Student: 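Dropping a structure here in structure tokens format, bear with me for questions.
Sequence positions, counted from 1, serve as the residue numbers for this chain. No hydrogens, no waters, no symmetry mates; every other heavy atom, side chains included, goes into these values. Quantities reported herein were computed from a predicted structural model and do not represent experimental measurements.
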Amino acid sequence: GQSSTRLRLVTPDGVRESTASGVVTSRPLPEQWAERVSAMLDAHPDAHVTEIALGSSGFGSETAHDLVEALAGREVHRVVVAHDSITSYLGALGEGEGCVIAAGTGTICLAVGPRASARVDGWGHIMGDAGSAYWIGRTALEAALRGYDGRRQMTALTQMMAEAFPDLENAYLELQADPDRVARVARVHRRSSRQRPLLLWSRDLAGGGSLANAGLCVDPLRLRQVAR
């Protein structure tokens with residue numbers, strides 16, 4: 001994923017798991033895959049791994065051969081790579097029919113029926129990923145700065161942002177310069193969710209509460225209506 005990578009090593013002796021940083025989809029992926037896989041293998045030199053299966057965000061024209069080449073010198077002789085929407089689907093429903101929404105830093109929906117399959121979104125943080133952690137985080141930051149500017153009622157979101165970025169005037173520059181900015185914005189959703197937007201929205205209907213936080217509730221509802 002774009003925020004973190006989960007690795008699982010399965011051997012006759014048992015299962016070992018670890019986490020690593022997420023991939024940066026604006027950079028070539030095979031080298032990043034190889035770096036994380038190699039770190040896992042190096043941490044367990046007693047494991048003789050010959051097969052690797054991988055699901056990744058940002059998967060495009062890359063192939064299994066790209067990863068095999070990046071792992072040259074290893075015992076690995078079989079590699080399977082796929083978009084993470086496919087691995088999420090298989091992990092949840094196996095080979096059966098159904099629909100899976102994978103919502104993390106990004107968002108993608110994959111549905112499989114008896115005659116065809118369909119994919120919705122998964123277009124990345126610039127053009128899509130509606131309802132994702134990044135989308136929620138960016139919406140919260142935008143609402144916080146609108147309150148700071150005086151373009152809407154200032155809410156707890158502005159204070160939340162000030163805790164993460166003490167210098168609000170230069171917060172956008174700090175984020176733009178951060179190579180991990182996508183994952184960093186996505187993590188904001190954890191802070192914004194603590195503001196209990198749904199309860200604040202309910203209070204708005206009674207004449208109080210936070211209009212900015214209400215927006216975080218209204219937009220997902222609009223998305224649900226569009227999805228229909």
Student: With a 4.5 Å heavy-atom cut-off, do R16 and R8 have their side chains touching?
Tutor: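 No, every pair of side-chain atoms sits at 4.5 Å or beyond.
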Student: Start with the C-alpha distance between Y134 and D129, add both sets of side-chain angles, then the distance that settles side-chain contact (heavy atoms from CB on, under 4.5 Å), and finish with yes or no.
Tutor: CA-CA 8 Å; Y134 178 91; D129 287 349; 5.9 Å; no
Student: Check whether any side-chain N or O of E31 sits under 3.5 Å from a backbone N or O of A70 as a donor-acceptor pair, and report yes or no.
Tutor: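 Checking the backbone N and O of A70 against the side chain of E31, no donor-acceptor pair under 3.5 Å is found.
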Student: For the residue pair L67 and V81, what are the closest heavy atoms and their distance?
Tutor: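 Heavy atoms only, the tightest pair is CD2-CG1, 4.2 Å.
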Student: Do you see a donor-acceptor pair shorter than 3.5 Å between the side chains of T107 and W135?
Tutor: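 Result is no, nothing qualifies.
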Student: Less than 4.5 Å apart, any side-chain heavy atom of H44 and any of D46?
Tutor: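 Contact flag for H44/D46 side chains = yes.
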Student: Pairing donors with acceptors under 3.5 angstrom, does anything connect the side chains of S85 and H83?
Tutor: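 On atom types as modelled, these side chains qualify, holding a pair under 3.5 Å.
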Student: Is it true that, when you exclude L175 itself, more than 12 heavy atoms of the residues, nucleotides or ligands shown sit nearer than 6.0 Å to its CG?
Tutor: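 More than 12 within 6.0 Å, yes.
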Student: Check whether the side chains of Y89 and E95 place a donor and an acceptor atom closer than 3.5 Å, and report yes or no.
Tutor: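 Looking only at side-chain atoms, E95 and Y89 do not form any donor-acceptor pair under 3.5 Å.
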Student: Do you know the tightest heavy-atom contact between P45 and D42?
Tutor: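 Shortest heavy-atom separation between P45 and D42 comes out as CD-O, 3.5 Å.
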Student: What heavy-atom pair brings N170 and D167 nearest, and what distance separates the two atoms?
Tutor: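 Closest pair (atom of N170, atom of D167, distance): ND2-OD2, 2.7 Å.
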Student: Please report the shortest heavy-atom distance between M161 and A171, naming the atom on each side.
Tutor: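 M161 and A171 have their closest heavy atoms at CE-CB, 3.8 Å.
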Student: For the pair R184 and E174, find out whether any cationic side-chain nitrogen is under 4.0 Å from an anionic carboxylate oxygen.
Tutor: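 Looking at R184 and E174, the cut-off is met.
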Student: Which atom names give the shortest non-hydrogen contact between S57 and L29, and what distance separates them?
Tutor: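 So the two residues come closest at O-CD1, 3.7 Å.
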Student: With side-chain contact (heavy atoms from CB on, under 4.5 Å) as the test, would you mind laying out the steps for I108 and V120 before giving the verdict?
Tutor: CA-CA 6 Å; I108 189 168; V120 174; over 6 Å; no
Student: Side chains of R187 and T105: any donor to acceptor distance under 3.5 Å?
Tutor: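 On atom types as modelled, these side chains do not qualify, holding no pair under 3.5 Å.
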